[in-house]
Amino acid sequence: MVGHSGPETADDSRTHFGIFSPGVTQLFPEGHVIDVHPWEFNEVPVVIGAALKTGTPIVALHLTRPPITIPDRRVLGIASHFEAAKGAYLIRPYSENLPRMGTVVVQGTSTTNNLTKVLPKLDEEAINVKIVAAISPQLFAMQDEEYRNGIFSKSDRMDAMAVTNRAKRLMSDWIDPSISGDYTLSSDWDDRWRTGGTVDEVIEEARLSPEHILEGIRRFAADRNKRLSRLEVFFEQLR
Amino acid sequence: MNDLSSKHDLERRFAKLESQFDNWEKIKDCADQFIDIMLNYRQSGHPGGSRSKVHAFVATLLSGAMRWDIRHPERTFSDRFILVAGHTVPLIYGTLPVLFEALRLKFEQTGDKRYLVPDAPHRALYWEDLTSFRRNKGLPGHAEMEGRTLFLKFNTGPSGHGSPAAAGQALALKRAGAGEVKVFAFEGEGGLTPGAAHETMNSAWGLGLDNLYYVVDWNDFGIDPRRFSSVMDKSPREWFASHGWRVCEAEDGNNWESLTRALVELTNGANPRKTPSVMFMKTRKGRGYFKFDYESHGSPHKMNSDLFWKTKRTFIDKYSVRFEGYGEDAPSDPEDIREQMYANLKVVADVIRKDHALVDYIAETLIALGESVPDTPRTFKFDVSKNPLKDPRLYDFEHYPPELYAKPGEKKPNRAALQQFGSWVNTWTRKEYDRPLFIAMSADLAESTNIAGFAKDFGEETGYGWYDRDTNPDGTLLPQAITEFANAGISAGIASVNFAQKPYDEFNGFLSSCSTYGSFSYLKYGLMRLFSQVAQDSEIKVGQV
């Protein structure tokens with residue numbers, strides 16, 4: 001059990017932040033570990049039950065310190081906490097009435113909690129990003145193709161950004177860092193260890209506050225065409 | 001039993017074993033040769049520490065100190081063996097084929113199924129198998145719990161890593177009411193220098209693991225040329241005694257009398273404080289190998305060199321045998337090398353096969369040892385006809401009790417949900433199966449990380465509480481100190497003990513859980529890596545951590 005992870009362990013200073021170290025739970029062959037990152041209370045029993053059921057010998061349960069308000073998923077339009085058993089689920093789907101602007105993959109407690117706070121603002125500004133809760137890459141990989149493509153396809157992966165309470169390189173299960181890394185929001189955004197303080201102070205320094213997240217998503221959405229053009233250049237170079 | 005009668009009892013036990021020394025000496029001689037030949041033709045492996053432990057290993061296997069069944073490594077209540085010094089696995093590869101050969105011959109001669117090793121092509125370790133040493137799909141270079149070496153009960157090799165796994169297995173057995181099953185852990189003094197060893201010494205005392213038996217080969221050398229005694233004060237006596245262990249000593253671990261007296265005391269001596277026990281023995285690293293100490297650690301003699309043939313001289317004289325290519329340079333053709341290796345391994349095997357009295361002794365001793373393994377200890381607490389891991393309710397999160405979920409608007413950390421789950425799952429299995437499912441521990445962070453839930457009440461249902469070696473041996477939360485590395489190993493050890501009636505088909509035992517802060521996760525990786533390998537390859541199913 002990987003407890004008190006992320007910059008949320010702010011009071012204890014950076015000597016106790018689990019930003020990079022929890023990555024060791026990814027250092028196993030595929031199928032040998034189930035990594036689960038529930039972001040709120042109600043997902044915890046769900047992912048434990050789902051992970052145990054797989055019979056996989058090691059289950060790495062990543063949890064965090066600070067209390068957050070349990071979200072009213074119905075009001076927010078977020079999928080049920082039971083969907084966490086599938087490893088990934090939609091916090092916000094694309095609107096069919098607007099051009100698509102890319103996928104935001106979010107993982108961690110403060111990060112997801114803060115992101116949910118800016119959902120109304122995204123609607124207000126007509127920012128049409130899909131938002132996916134990244135709970136467990138292994139549980140997600142066990143779902144059928146239709147589900148996986150419906151939630152987060154391989155194409156989505158090429159056109160995504162991450163918001164994470166871990167280091168950006170630890171999100172490689174979800175995003176392709178060659179372009180997505182430029183938009184990813186993480187505590188190590190400037191490749192420095194964060195300092196300590198209150199949770200709010202450290203989250204601000206980590207640029208994971210609601211304001212920073214909103215700003216990061218705005219930039220990501222605005223750059224959609226530029227991003228796809230960069231991808232096309234890559235393909236051209238390959239041809 | 002008072003001191004006098006205890007001494008008398010130990011003396012009586014020792015006297016019964018003295019008559020076996022001649023047979024042990026022959027077994028040791030053959031094991032030595034198997035080690036040398038195997039390493040010579042492969043030009044790889046660890047001769048020094050393997051040879052120095054042969055006396056102790058033979059005596060442990062055949063004296064009755066260890067109750068085990070060579071034919072059935074899966075037997076739940078066999079004593080368990082962990083080669084913490086996993087690099088010395090040639091010790092195992094050299095010794096077990098001597099024993100398996102005797103059984104094979106007796107079965108050939110008599111057809112008596114008592115001598116039959118079920119699924120022998122995959123489970124028995126014969127001398128022919130030594131030709132695959134350190135080759136792909138052959139015998140691994142370090143100790144692995146799989147295939148022909150399921151006798152070994154964990155993957156070992158990284159220094160010190162096997163120690164906490166051994167403690168975890170001892171704990172699982174005790175907690176299940178099978179504390180009469182011993183866990184033997186063979187280690188060298190070098191392997192006692194990593195922090196894992198110290199964490200384990202403390203933990204094993206704290207947990208009251210009186211079924212954990214260390215055998216320490218004190219040869220004073222590792223890989224580098226300095227003696228360990230030049231950087232480690234005092235002796236194994238002080239190292240272990242200061243952690244509360246019961247200590248026995250063999251002045252000469254390569255002498256049958258000295259060794260056997262200490263071994264008898266180790267496994268039969270009084271242990272009123274119910275502590276873990278250790279026997280340490282002074283040995284010479286590289287005994288009989290003509291290169292000694294650090295130089296004998298990790299490389300054999302050059303193939304067919306004069307020194308290699310010198311290691312054959314005593315055996316030739318003693319057993320009147322002739323080795324193929326004796327005194328000659330190594331063949332240049334790989335196929336010729338393989339043929340010579342096979343021929344010379346067979347020379348040793350023939351010494352065993354031609355000694356009918358030795359074969360009878362080995363075979364009958366092994367059968368008697370196998371029959372001494374209990375089917376089920378009287379104190380065993382599990383009903384293994386039922387398995388909570390097969391109960392779909394365990395995984396049916398949509399129908400978990402409502403207390404496991406919070407209402408929108410409540411303010412809670414997600415870690416608090418682990419406490420709820422832990423207290424529910426162990427009280428639920430208590431109610432339904434009269435046992436806990438999880439054994440949990442933390443690094444002095446049980447409440448902080450909420451893993452303490454695995455010991456707590458859930459509503460009206462009573463939790464098992466903190467484990468206490470004296471007052472609550474049924475507890476499910478181990479009172480661990482700041483020992484992340486050991487906790488990971490203890491967790492892996494716990495989940496490696498399978499009580500199922502058909503352990504090749506299913507796992508029925510404790511799952512384990514250990515916690516620390518995310519920032520310290522690296523401290524747990526070493527043992528998880530090894531456990532992951534065990535889970536992949538061991539034919540005996542293991543559980544989940």
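Proteins get letters first, then strands, A, B, ... in listed order; numbering begins at 1 in each.
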(message) At a 4.5 Å cut-off on heavy atoms, which part of B:V542 comes close to chain A: side chain, backbone, both, or neither?
(response) neither
(request) Let me know if B:F421 has heavy atoms under 4.5 Å from chain A in its side chain, its backbone, both or neither. (result) side chain
(request) Assess the side chains of A:H32 and B:Q533: does a donor N or O sit below 3.5 Å from an acceptor N or O? (result) no
(request) Measure A:L61 against the heavy atoms of chain B and call it side chain, backbone, both or neither at under 4.5 Å. (result) side chain
(request) Please check if any side-chain donor atom of B:Y517 sits under 3.5 Å from a side-chain acceptor atom of A:R65, or the reverse. (result) yes
(request) Counting only heavy atoms closer than 4.5 Å, note whether A:A60 contacts chain B via side chain, backbone, both or neither. (result) neither
(message) Can you tell me which of A:V46, A:V33, A:I48, A:T56 forms the most heavy-atom pairs within a distance under 4.5 Å of chain B?
(response) A:V46
(message) So which residue, A:A85, A:S5, A:P45, ends up with the most heavy-atom pairs under 4.5 Å with chain B?
(response) A:P45
(request) Classify the ring geometry between A:F82 and B:F397 as parallel (under 30°), tilted (30 to 60°) or perpendicular (over 60°). (result) tilted
(message) Heavy-atom cut-off 4.5 Å, strictly under: side chain, backbone, both or neither for A:P66 against chain B?
(response) backbone
(message) For chain B, which candidate among A:F17, A:F28, A:W39, A:F20 shows the most heavy-atom pairs at distances under 4.5 Å?
(response) A:F28
(request) Evaluate side chain to side chain contact (heavy atoms under 4.5 Å, CB included) for A:I91 paired with A:L119, printing each intermediate quantity in order. (result) CA-CA 9 Å; A:I91 288 179; A:L119 291 176; 4.2 Å; yes
(message) Would you compute the distance between atom CD1 of A:I58 and atom OG1 of A:T25 and round it to the nearest 0.5 angstrom?
(response) 9.5 Å
(message) If we define contacts as heavy-atom pairs under 4.5 Å, which of B:G543, B:A535, B:A495, B:S448 has the most with chain A?
(response) B:S448
(message) Using heavy-atom distances under 4.5 Å, tell me whether B:F531 contacts chain A through its side chain, its backbone, both, or neither.
(response) side chain
(request) Please state whether the side chain, the backbone, both or neither of A:P71 comes within less than 4.5 Å of a heavy atom of chain B. (result) backbone
(request) Report the option among A:G3, A:P22, A:G49 that has the most heavy-atom pairs separated by less than 4.5 Å from atoms of chain B. (result) A:G3
(request) Would you tell me whether A:T109 and B:N414 have side-chain atoms, one donor and one acceptor, within less than 3.5 Å of each other? (result) yes
(request) Could you look at B:L511 and say if it's the side chain, the backbone, both or neither that has a heavy atom under 4.5 Å from chain A? (result) side chain
(message) When you compare the side chain of A:I203 with that of A:P7, does any pair of heavy atoms fall below 4.5 Å?
(response) yes
(message) Is B:K407 in contact with chain A via its backbone, its side chain, both, or neither, using a 4.5 Å heavy-atom distance?
(response) backbone
(message) Quick check on A:T15 against chain B: is it the side chain, the backbone, both or neither that has a heavy atom closer than 4.5 Å?
(response) backbone
(request) Answer with yes or no whether the side chains of A:D200 and A:T198 bring together a donor and an acceptor at under 3.5 Å. (result) no
(request) May I ask you to decide if the ring planes of B:Y522 and B:F520 are parallel, tilted or perpendicular, using 30° and 60° as cut-offs? (result) perpendicular
(request) Using a cut-off of under 4.5 Å on heavy-atom pairs, state which of A:A51, A:G23, A:S80, A:G55 scores highest against chain B. (result) A:G55
(request) Scan side-chain atoms only and decide if A:E8 and A:S110 contain a donor-acceptor pair under the 3.5 Å cut-off. (result) yes
